[in-house]
Amino acid sequence: MADPKRTDDLRVMPWWYVLVGVLLAIALGWLVLDWLLGEADRATSVDTRATLRVDAIRTGLTVVAGTGGGLALLLAARRQRLSERAQRHQEFVTTRDHSHRERIQAHTEQVATTTQRHQEEQTRLAEHDATQRRVTDLFTKAVDLLGSDKAAVRLGGLHALERLAQDNAGQRQTVVAVVCAYLRMSDESDREDDGARTHEDEVRRSAQRLLTRHLHADLADSYWPEVRLDLAGTRLVDFDASGCTLVDADFTGARLVGTTRLTGAHAEGRLALTRATFEKAVLDGLTTSGELVLDDAVFGGEATFDGARFGGEVSAKRARFASASFDKAAFDNTVTLDRATFTDTASFRSAVFHSGFSVERGTFAAYAGFRGATFEDMAFFRWTVFEGDAYFENAVFQGAVNLGRAEFHARASFGGATMRRRPNVDHARATANQTHIWPSGTTTEKEDDDWIILVDDRP
């Protein structure tokens, strides 16, 4: 590429430069001719002088011709140089123009691209604003329908909210929160006739089904992931979340009427059932990855947890169970049933406790069965009252066992039980009118006519 700083050298040579060169050549030739003729005239011989004058004239002409030839060569060289410079200048101009055109084209394309992006962004924002306004309008109308006095209108509001959440993933948690809030509202209303109560219960069942219908992880099209239920203080009728995935679900203080089903459900995070009341609960196959809290919960009817797998801690302090079954359940973390009460049969047959188990100051008013149960860590039954038969037959205790001050009002049997450590039976006692089977190394002493005291007779 030609140097743009040298483009000013491309100047046209004035005509008088050539004239001066020609005159110089003639002058140089004349001077040489004059000098040679002067030398020739010095010759003494006429013939010699004539010959020398002819040679002088020839030499002068030769000088003039040679000088002219040299000037011609210089002009030709200059012409060639100017031609090359002109070519380089033309190439520079062409390249500069091409680069300029490319810059203009790139700038034009950039402006066009920026303009297009701006227009697309404006269009997207306009569409987003329109969508948000439409969603807001639909949401407002649906919520208004929920406040209607007519059950059919409230049902329409629920279905409108469901469609809105299904089509707008960002609104799902909000819709779920609204439905949960509706269920948390007191169902004690001014409608006192049985028909109105029946209609209200149907609306509530529809709201419950709306929630659970979208919590099945195996149904990709209708699944609402990461949705959290806040049903604290709610009255739920025949609540069925079987197979659902519950994320940090809160049922604190909820009143669950009828049969509550969580069969095969999976709870992620904390599942709070504190102070909840159940008429009947079926939680067979329930799995949890976080804490299960049943503190002060009341199970008025049968409660089954058969085959459940609890990955986090289980706390059921002061809980009240009627008939409870945890057969073949697995507990990966600590289980605390301190001060819990079982008013009917309680079965933990073949249950596996991978961590500590504690039922201190608990009460088993009827049969308590731990047949074939495995306790891999400590098992505490201190101050626990067994008013019915207590069976620990073939149970495996791999950690510490504490029966201190426990009371057995009916038959107790540890037949076939395996204990790796000596059990603590300090001040434990049992009724004297039953035949008991105690852990190996344990004997009894008579306290009075009604009670016997357990004594560890091993050294």
Side-chain angles (χ1 to χ4, degrees), residues 310 313-318 324 326-342 345-459:
F310 302 96
E313 294 183 2
V314 177
S315 179
K317 298 174 183 177
R318 300 173 301 279
F326 292 86
D327 292 349
K328 296 183 180 180
F331 301 85
D332 295 339
N333 219 308
T334 303
V335 180
T336 305
L337 297 173
D338 295 350
R339 298 183 182 274
T341 301
F342 296 84
T345 59
S347 176
F348 293 84
R349 180 173 55 86
S350 299
V352 179
F353 300 90
H354 295 285
S355 189
F357 174 81
S358 175
V359 66
E360 290 190 7
R361 297 186 181 275
T363 301
F364 293 89
Y367 167 82
F370 291 88
R371 286 188 168 103
T374 300
F375 299 86
E376 296 182 356
D377 204 338
M378 62 183 183
F380 284 6
F381 295 89
R382 293 187 304 181
W383 298 95
T384 300
V385 177
F386 296 89
E387 297 179 358
D389 292 342
Y391 285 90
F392 294 86
E393 295 172 341
N394 299 316
V396 178
F397 297 88
Q398 298 179 2
V401 182
N402 195 322
L403 298 170
R405 298 187 180 276
E407 291 186 2
F408 298 88
H409 292 253
R411 187 171 186 267
S413 176
F414 288 82
T418 301
M419 293 188 177
R420 293 188 178 180
R421 299 185 184 182
R422 182 183 303 179
N424 184 346
V425 296
D426 180 44
H427 289 90
R429 63 179 189 164
T431 182
N433 60 1
Q434 294 286 343
T435 301
H436 307 285
I437 302 176
W438 301 113
S440 176
T442 302
T443 59
T444 60
E445 295 180 355
K446 186 175 181 180
E447 181 182 42
D448 52 33
D449 293 339
D450 298 322
W451 295 97
I452 57 176
I453 301 295
L454 275 65
V455 178
D456 184 2
D457 61 356
R458 289 176 293 187

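Positions are given from 1 along the sequence.
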* Least distance between heavy atoms, Arg421 atom then Gly399 atom -> CD-C, 3.9 Å

* Heavy atoms from other residues, nucleotides or ligands near CZ of Arg429 exceed 12 (cutoff 6.0 Å) -> yes

* More than 12 non-hydrogen atoms from neighbouring residues, nucleotides or ligands closer than 6.0 Å to CG on Asp448, yes or no? -> yes

* Asked: Minimum heavy-atom separation for Ser355 to Asp332, with atom names?
  -> CB-O, 4.0 Å

* Just by modelled atom types, is the Thr431 backbone N or O under 3.5 Å from a matching donor or acceptor in the His436 side chain? -> yes

* **Sequence-distant partners of Gln398, side chain to side chain contact (heavy atoms under 4.5 Å, CB included), two or more places apart** => Thr374, Glu376, Val396, Arg420

* To do: Starting at CG of Asn433, measure out to CG of Asp449 and round the result to the nearest 0.5 Å.
  => 11.0 Å

* Structure fact -> In this structure, CD of Glu407 is separated from NE2 of His427 (nearest 0.5 Å) by 12.0 Å

* Separation of Leu403 CG from Arg382 CZ (nearest 0.5 Å) -> 11.0 Å

* Asked: Can you tell if the side chain of Phe408 reaches within under 4.5 Å of the side chain of Gln434, non-hydrogen atoms only?
  -> no

* Structure fact -> Of Phe326, Phe331, Phe380, Phe381, the one forming a ring-ring contact (aromatic ring centres under 6.0 Å, His included) with Phe357 is Phe381

* Asked: Given the rule in the side-chain contact (heavy atoms from CB on, under 4.5 Å) test, do Arg411 and Ile437 qualify, once you have shown the distances and angles that lead to the verdict?
  -> CA-CA 8 Å; Arg411 187 171 186 267; Ile437 302 176; 3.7 Å; yes

* Asked: Who pairs with Phe364 by ring-ring contact (aromatic ring centres under 6.0 Å, His included), at least two apart in sequence or on another chain?
  -> Phe342, Phe386

* **Minimum side-chain heavy-atom gap Phe392-Val401 below 4.5 Å** => no

* Asked: Do side-chain atoms of Thr384 reach the backbone of Val359 as a donor and acceptor pair under 3.5 angstrom?
  -> yes

* Asked: How many angstroms lie between CD1 in Ile453 and OG1 in Thr444, if you round to the nearest 0.5 Å?
  -> 9.5 Å

* **Asn394 CG to Phe414 CZ distance, which is reported to the nearest 0.5 Å** => 12.5 Å

* Asked: Can you tell me if Asp426 uses its side chain to pair, donor with acceptor, with the backbone of Gly404 under 3.5 Å?
  -> no

* Considering all heavy atoms of both residues, which atom of Thr442 and which atom of Pro423 are nearest to each other, and what is their separation? -> OG1-CG, 4.4 Å

* Asked: Looking at Phe370 versus Phe353, is the centre-to-centre ring distance below 6.0 Å?
  -> no

* Approximate separation, where rounding is to 0.5 Å, of Asp327 CG and Ser350 OG -> 7.0 Å

* **pair Arg349-Tyr391: side-chain heavy atoms closer than 4.5 Å** => no

* Asked: Under the ring-ring contact (aromatic ring centres under 6.0 Å, His included) test, which residues partner Phe397, sequence neighbours left out?
  -> Phe375

* 4.5 Å side-chain heavy-atom contact, Arg405 and Trp383 -> yes

* Asked: Hey, are Asp338 and Thr336 close enough side-chain-wise for a donor-acceptor pair under 3.5 Å?
  -> no

